[in-house]
Amino acid sequence: MIPHIAELNDATLQSALQDRVDGKAKPPGSLGRLETLAAQIGCILGTRSPRLDQPRLVVFAADHGLATRLSGSGLAVALVGVAFASGTAVLIAVWTGASSWTAALWVSLSALAACASAPIDFSYTVPNQPEGSSGYTEKPGWATSKFAVAAANPLATDAGYQILKAGGSAVDAAIAVQMVLGLVEPQSSGIGGGAFLMHFNGRDVDAFDGRETTPAGATENLFLGADGKPMPFIDAVVGGRSVGVPGTVRMLEMAHKQHGKLPWATLFEPAIALAQGGFRVSARLNGLLTTEQHLKKDPIAAAYFYNADGSPLATGTNLRNPVYASVLRRIAAEGSKALLEGDIAQAMVDKVRNHPTNPGTLSMADLAGYQAIKRAPICSDYRANAHDFRVCGFPPPSSGAIAVGQILGILNNTNAAALPLQDGLPSADWLHLYTDAARLAFADRAQYLGDPAFVQPPGGSWMSLLDPAYLADRAKAINQAPGGQSLKLARPGTPGGVKSAYAPMADQPEYGTSHISIVDSFGNAVAMTTTIEDAFGARQMVRGFLLNNELTDFSFAPTDGSGAPVANRVQPGKRPRSSMAPTLVFDKATNKVVMS
């Protein structure tokens with residue numbers, strides 16, 4: 001909801017104003033070009049107006065009847081009624097013939113409405129901080145009093161920090177962090193992939209779904225070879241076959257519209273500066289490039305990541321990516337449409353469909369039609385050290401919240417909490433209980449979980465998998481005696497008392513992600529997990545970024561030996577099941593965030 005629309009009395013106007021912001025309403029005739037010019041002028045005017053303090057633009061074309069209803073004085077008053085309510089610019093124009101005075105009013109008022117935001121005190125400073133090499137490094141821990149951000153790369157963390165320091169929200173910072181991660185940690189995530197974002201606004205928890213979707217041209221036999229058997233994993237990954245419709249940018253755009261504070265374009269400045277000026281190749285990236293076997297097969301990626309002799313760029317090399325900077329400038333100015341429509345989208349489609357040995361079916365319609373989804377989180381209770389917590393995570397198509405909740409719930413029915421640490425580490429008996437609880441949870445995951453648009457939950461509710469009585473019964477399968485025998489093979493249960501018609505999915509490899517945790521000074525919190533799946537995704541580089549291989553998260557075999565369908569099989573438009581588990585943990589008594 002746009003700020004202050006709720007204060008307007010005309011419900012029709014409220015709806016239409018929202019449509020205008022969502023891009024559903026358009027100016028009449030050729031006024032689109034005039035509106036664009038006016039917006040450019042308005043950016044200059046807006047940044048000099050102390051009254052325009054909300055980063056929102058609303059431009060709406062009303063019909064003559066609505067204009068008359070809005071005011072007894074009729075047309076003239078309606079046109080002059082540019083409501084700078086608490087700083088939000090609302091333009092009311094008239095949908096009549098494109099007469100010169102109507103066009104002039106539209107353009108003039110657009111100039112006033114465009115870029116309606118106060119000057120932002122933000123100037124990105126490139127830090128002098130290379131990323132550390134792979135491996136575990138003991139950290140001292142840090143304490144903050146107002147805000148905090150954690151990410152997998154210091155340059156990305158610093159970008160989020162600078163956004164928060166400038167008054168940005170947790171979502172603002174997450175966007176800046178993600179754009180930098182796509183540059184400096186390209187093997188794990190980027191604008192060519194997908195993400196799940198959990199958000200807490202001080203009262204409510206929301207789950208923003210930016211998971212990739214299956215192209216419309218794919219079938220459930222996507223990963224079956226000529227012999228009818230599942231393809232080797234890496235054969236499926238490399239090329240266009242495995243590429244899903246990327247959703248990260250559109251999801252972040254949705255979250256920003258609801259929870260952003262700084263202008264969208266501002267959030268891209270750190271990544272653009274680093275891409276244009278360059279960043280130093282870390283020992284970690286160099287090491288990954290050294291062991292990587294398939295990235296060189298793509299000529300664009302080979303030219304970017306490797307020297308002419310085939311050796312990886314050395315640690316400390318200043319790596320520039322001006323093509324990526326150009327793409328980010330487009331997204332900053334035009335939104336997610338710049339990525340999912342037009343020439344950038346066409347470049348992705350051409351890359352996927354024209355792969356010489358392993359093409360996919362991605363289309364322009366697939367990209368343009370992608371929809372991010374705002375979902376309700378899945379929350380469960382957990383008690384530890386006589387303290388009650390509320391654990392909220394991502395619902396299907398992620399298995400994260402359910403698997404985490406099941407493991408914790410099963411452990412609550414064992415003596416795991418009473419087992420002491422040994423030299424500061426979990427004991428063998430504790431690890432036995434944990435691994436068996438995880439086996440039971442993943443057995444249910446393989447049997448029941450998939451995209452909720454295609455897969456019905458057992459017993460009619462995903463919460464049947466977290467029912468305390470069900471988890472207590474599942475815990476009985478674990479041998480809790482000291483040194484007890486492992487389950488070895490866990491079988492799915494019957495949550496909700498209903499036997500599933502689905503076949504369990506066979507084990508398949510699942511690879512890396514990157515995680516972002518943020519708390520801002522306004523009391524908002526973000527937990528976001530983002531990925532392109534395997535290291536370097538499908539090993540296909542387009543316009544300075546890598547494409548995902550997310551479709552390999554589906555079951556390669558669509559059915560079992562008896563012909564029963566697998567819940568997580570490939571289907572057009574479907575989101576592959578994910579193990580990503582962005583989680584927010586709350587003190588149950590106070591509803592305060594204690595962990596992201």
Side-chain angles (χ1 to χ4, degrees), residues 192-194 209-247 340 345-346 348-371 373 396-399 445-456 500-511 531-534 537-540 542 547-579:
D209 183 345
R211 184 66 161 164
E212 297 90 338
T213 56
T214 309
T219 72
E220 64 178 21
N221 297 324
L222 180 66
F223 296 119
L224 296 181
D227 59 359
K229 296 179 180 180
M231 302 172 66
F233 182 76
I234 199 64
D235 292 352
V237 167
V238 179
R241 182 189 300 264
S242 64
V243 178
V245 183
L340 300 177
Q346 188 65 59
M348 287 191 279
V349 169
D350 292 344
K351 189 79 171 186
V352 168
R353 299 179 78 96
N354 296 332
H355 191 275
T357 62
N358 202 19
T361 62
L362 185 70
S363 72
M364 293 292 285
D366 292 326
L367 292 165
Y370 182 85
Q371 297 292 322
I373 300 175
S398 170
S399 64
R445 174 184 185 267
Q447 178 78 42
Y448 298 109
L449 297 188
D451 184 344
F454 293 78
V455 179
Q456 293 301 308
S500 174
Y502 293 118
M505 176 176 161
D507 289 340
Q508 285 179 192
E510 291 188 37
Y511 287 94
T531 186
I532 56 172
E533 215 284 328
D534 197 14
R539 278 74 164 185
Q540 303 299 300
V542 179
L547 299 179
N548 70 83
N549 67 290
E550 219 67 61
L551 299 186
T552 59
D553 274 354
F554 283 116
S555 174
F556 282 23
T559 63
D560 68 1
S562 68
V566 175
N568 187 42
R569 68 190 183 279
V570 178
Q571 292 176 274
K574 191 176 185 179
R575 285 163 154 83
R577 189 190 64 203
S578 171
S579 58

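All values derive from a computational prediction rather than experimental measurement.
- With hydrogens and angles ignored, the 3.5 Å screen pairs a side-chain donor or acceptor of S399 with a backbone N or O of S578.
- Remark: the backbone N or O of G247 is not paired with any side-chain donor or acceptor of R211 at under 3.5 angstrom.
- Residues P558 and L224 meet the side-chain proximity criterion, which asks for heavy atoms closer than 4.5 Å.
- Closest approach of V566 to S555, counting heavy atoms only: CG1-CB, 3.8 Å.
- No donor-acceptor pair under 3.5 Å is formed between the side chain of N548 and the backbone N or O of V243.
- Note that the CZ atom of F554 and the OG1 atom of T214 stand 3.0 Å from one another [nearest 0.5 Å].
- Side-chain atoms of T213 never come within 3.5 Å of backbone atoms of G573 as a donor-acceptor pair (strictly under, hydrogens ignored).
- Note: N549 CG to E212 CD = 9.0 Å, rounded to the nearest 0.5 Å.
- Checked by atom type, the side-chain pair N221/T219 shows no donor-acceptor distance below 3.5 Å.
- Rounded to the nearest 0.5 Å, atoms CE (M348) and CE (M364) are 8.5 Å apart.
- The two residues K574 and R569 have their closest heavy-atom pair at NZ-O, 3.0 Å.
- The two residues P397 and P452 make their nearest non-hydrogen contact at N-CD, 3.7 Å.
- Between P246 and L367 there is a side-chain heavy-atom pair separated by less than 4.5 Å.
- Here T552 contributes atom OG1 and F223 contributes atom CZ; the two are 6.0 Å apart, rounded to the nearest 0.5 Å.
- In this structure, R353 contributes its side chain and K351 its backbone to no donor-acceptor pair below 3.5 Å.
- Scanning both residues, V237 and S242, for their nearest heavy atoms gives O-OG, 2.7 Å.
- Residue pairs meeting the side chain to side chain donor-acceptor pair (under 3.5 Å) criterion with at least one partner in residues 222-235, sequence neighbours excluded, do not occur; the list is empty.
- Side-chain contact check for L449 versus V455: every heavy-atom pair is 4.5 Å or farther apart.
- The two residues R577 and A446 come nearest to each other via the heavy atoms NH1-CA, 3.7 Å.
- Considering only heavy atoms from C-beta on, L547 comes within 4.5 Å of V542 through its side chain.
- The shortest side-chain heavy-atom distance between P359 and R241 does not fall under the 4.5 Å cut-off.
- Of the inter-residue distances, the one linking D534 atom CG with E550 atom CD reads 10.0 Å to the nearest 0.5 angstrom.
- Nearest heavy-atom pair across A567 and Q447 is CB-O, 4.1 Å.
- Between the side chain of S363 and the backbone N or O of D366, at least one donor-acceptor pair lies under 3.5 Å.
- D553 contributes atom CG, which lies 14.0 Å from atom CZ of R575 (distance to the nearest 0.5 angstrom).
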- Could you please spell out the steps behind the side chain to side chain contact (heavy atoms under 4.5 Å, CB included) verdict for L222 and Q571? CA-CA 9 Å; L222 180 66; Q571 292 176 274; over 6 Å; no
